[in-house]
Amino acid sequence: MINEDFRCNCPVTSALDLLGDKWSLVIIKQMLLQECRTFKDFSESTEAIAPNILSARLKKLEKFRFIEKKKILQNKKTNIYLLTQKGLSLTPIIVELALWSDHNLRSIHQKIDLHPILDAMNHDKNNAIKKLQKEYIMKSAVL
């Protein structure tokens with residue numbers, strides 16, 4: 001029996017069923033690289049995710065435990081969203097997509113802006129991944 005959230009039992013197709021829409025990896029990238037934590041942070045980003053789509057994607061990512069929702073200590077009305085270990089484990093995919101895009105799309109999209117950590121690491125994926133994860137954990141621990 002196939003879970004209603006998945007089309008089949010293929011691992012690639014199953015991953016795409018959860019993360020293959022237009023916005024899920026963008027949200028995770030925003031959390032990891034751009035310090036987006038609140039609905040307002042996401043709404044005001046350059047990607048301009050429509051509020052109804054953003055709300056639906058945040059709920060989906062929370063449902064599948066890629067992110068968790070918490071309250072800010074200083075403001076009990078505001079929700080913050082944090083990557084879980086499962087969400088943080090997507091860092092290699094985000095890094096790989098960024099490097100692939102930089103290498104393969106720059107000729108047709110010259111304004112691609114490679115994240116400074118990736119650029120500084122001279123495409124050393126393993127160090128970039130570890131550094132991004134470590135920085136995210138350190139910044140999130142303060143919240």
Side-chain angles (χ1 to χ4, degrees), residues 1-106 108-109 111-121 123-143:
M1 184 173 125
I2 296 176
N3 181 313
E4 65 186 41
D5 294 304
F6 303 99
R7 291 176 273 180
C8 66
N9 294 327
C10 170
V12 174
T13 303
S14 296
L16 289 173
D17 286 338
L18 298 184
L19 299 167
D21 62 79
K22 187 175 178 176
W23 296 111
S24 293
L25 285 176
V26 170
I27 291 168
I28 291 168
K29 180 264 313 180
Q30 290 175 331
M31 295 175 78
L32 183 64
L33 301 177
Q34 299 166 338
E35 298 183 32
C36 288
R37 302 275 190 271
T38 65
F39 195 91
K40 183 179 179 187
D41 292 341
F42 295 111
S43 297
E44 294 176 350
S45 73
T46 57
E47 279 91 353
I49 306 171
N52 60 326
I53 293 173
L54 175 57
S55 180
R57 291 307 179 277
L58 289 170
K59 286 176 185 173
K60 180 179 179 182
L61 291 169
E62 187 179 14
K63 173 184 176 184
F64 290 101
R65 297 189 177 114
F66 291 103
I67 65 173
E68 61 184 351
K69 180 170 60 174
K70 294 185 173 187
K71 297 287 185 189
I72 295 177
L73 293 176
Q74 303 85 348
N75 179 352
K76 297 292 183 187
K77 292 181 181 180
T78 303
N79 291 319
I80 59 169
Y81 297 92
L82 299 171
L83 292 170
T84 63
Q85 195 58 42
K86 185 191 287 188
L88 199 56
S89 74
L90 292 167
T91 305
I93 293 168
I94 301 294
V95 168
E96 199 64 53
L97 278 170
L99 294 175
W100 179 91
S101 182
D102 186 54
H103 180 74
N104 291 285
L105 300 182
R106 189 164 295 282
I108 58 173
H109 184 24
K111 293 184 180 183
I112 284 178
D113 187 19
L114 193 60
H115 191 275
I117 289 175
L118 298 178
D119 207 22
M121 292 288 179
H123 302 298
D124 182 346
K125 289 183 272 192
N126 290 332
N127 282 334
I129 289 165
K130 289 175 187 173
K131 185 172 182 175
L132 286 170
Q133 290 174 325
K134 183 178 178 180
E135 284 184 6
Y136 181 84
I137 290 168
M138 288 176 19
K139 290 175 183 174
S140 296
V142 178
L143 303 173

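These numbers were taken from a predicted model, which means no experiment stands behind them.
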Q: Can you see which heavy atom on I49 is nearest to which on I53, and at what distance?
A: CG2-CG2, 4.0 Å

Q: How long is the straight-line distance from CD of E35 back to CD of Q30, given to the nearest 0.5 Å?
A: 12.5 Å

Q: Might you point out which heavy atoms bring S14 and C8 nearest each other, and give the distance in Å?
A: OG-O, 3.3 Å

Q: Rounded to the nearest 0.5 Å, how far apart are CG of L19 and CG of L61?
A: 7.0 Å

Q: Considering only heavy atoms from C-beta outward, does the side chain of C36 approach that of Y81 to under 4.5 Å?
A: no

Q: What I'd like to find out is whether the side chain of W100 reaches to under 4.5 Å of the side chain of L105, using heavy atoms alone.
A: yes

Q: Once you round to the nearest 0.5 Å, how far does CD of Q133 lie from CG of L32?
A: 7.5 Å

Q: Hey, is the main chain of L88 close enough, under 3.5 Å, to the side chain of T91 for a donor-acceptor pair?
A: yes

Q: Does any non-hydrogen side-chain atom of Y136 lie less than 4.5 Å from one of L33?
A: no

Q: With side chains defined as the heavy atoms from C-beta onward, is the minimum distance between K29 and L97 less than 4.5 Å?
A: no

Q: Taking atom CZ of R106 as the centre, does the number of heavy atoms from other residues, nucleotides or ligands within less than 6.0 Å exceed 12?
A: yes

Q: Verify, without hydrogens or angle tests, whether K86 (side chain) and F64 (backbone) share a donor-acceptor contact under 3.5 angstrom.
A: yes

Q: Mind checking whether L83 and I28 have side chains closer than 4.5 Å, heavy atoms only?
A: yes

Q: Could you tell me whether N52 atom CG has more than 12 heavy atoms of other residues or ligands within 6.0 Å of it?
A: yes

Q: Is there side-chain contact between E47 and F42, with at least one heavy-atom pair below 4.5 Å?
A: no

Q: To the nearest 0.5 Å, tell me how far K139 NZ sits from R37 CZ.
A: 7.5 Å

Q: Going through the distances and angles, do D5 and D17 end up as a side-chain contact (heavy atoms from CB on, under 4.5 Å)?
A: CA-CA 7 Å; D5 294 304; D17 286 338; over 6 Å; no

Q: Counting C-beta onward and ignoring hydrogens, is there a side-chain heavy-atom pair between L54 and S43 closer than 4.5 Å?
A: yes

Q: Less than 3.5 Å apart, any donor N or O on the side chain of T38 or D41 sitting next to an acceptor on the other?
A: yes

Q: Does a donor on one side chain sit under 3.5 Å from an acceptor on the other, for K70 and N79?
A: no

Q: Roughly how far apart are I67 CD1 and L58 CG, rounded to 0.5 Å?
A: 4.5 Å

Q: As an exercise, state the distance from CZ of F66 to CD1 of I27, rounded to the nearest 0.5 Å.
A: 12.0 Å

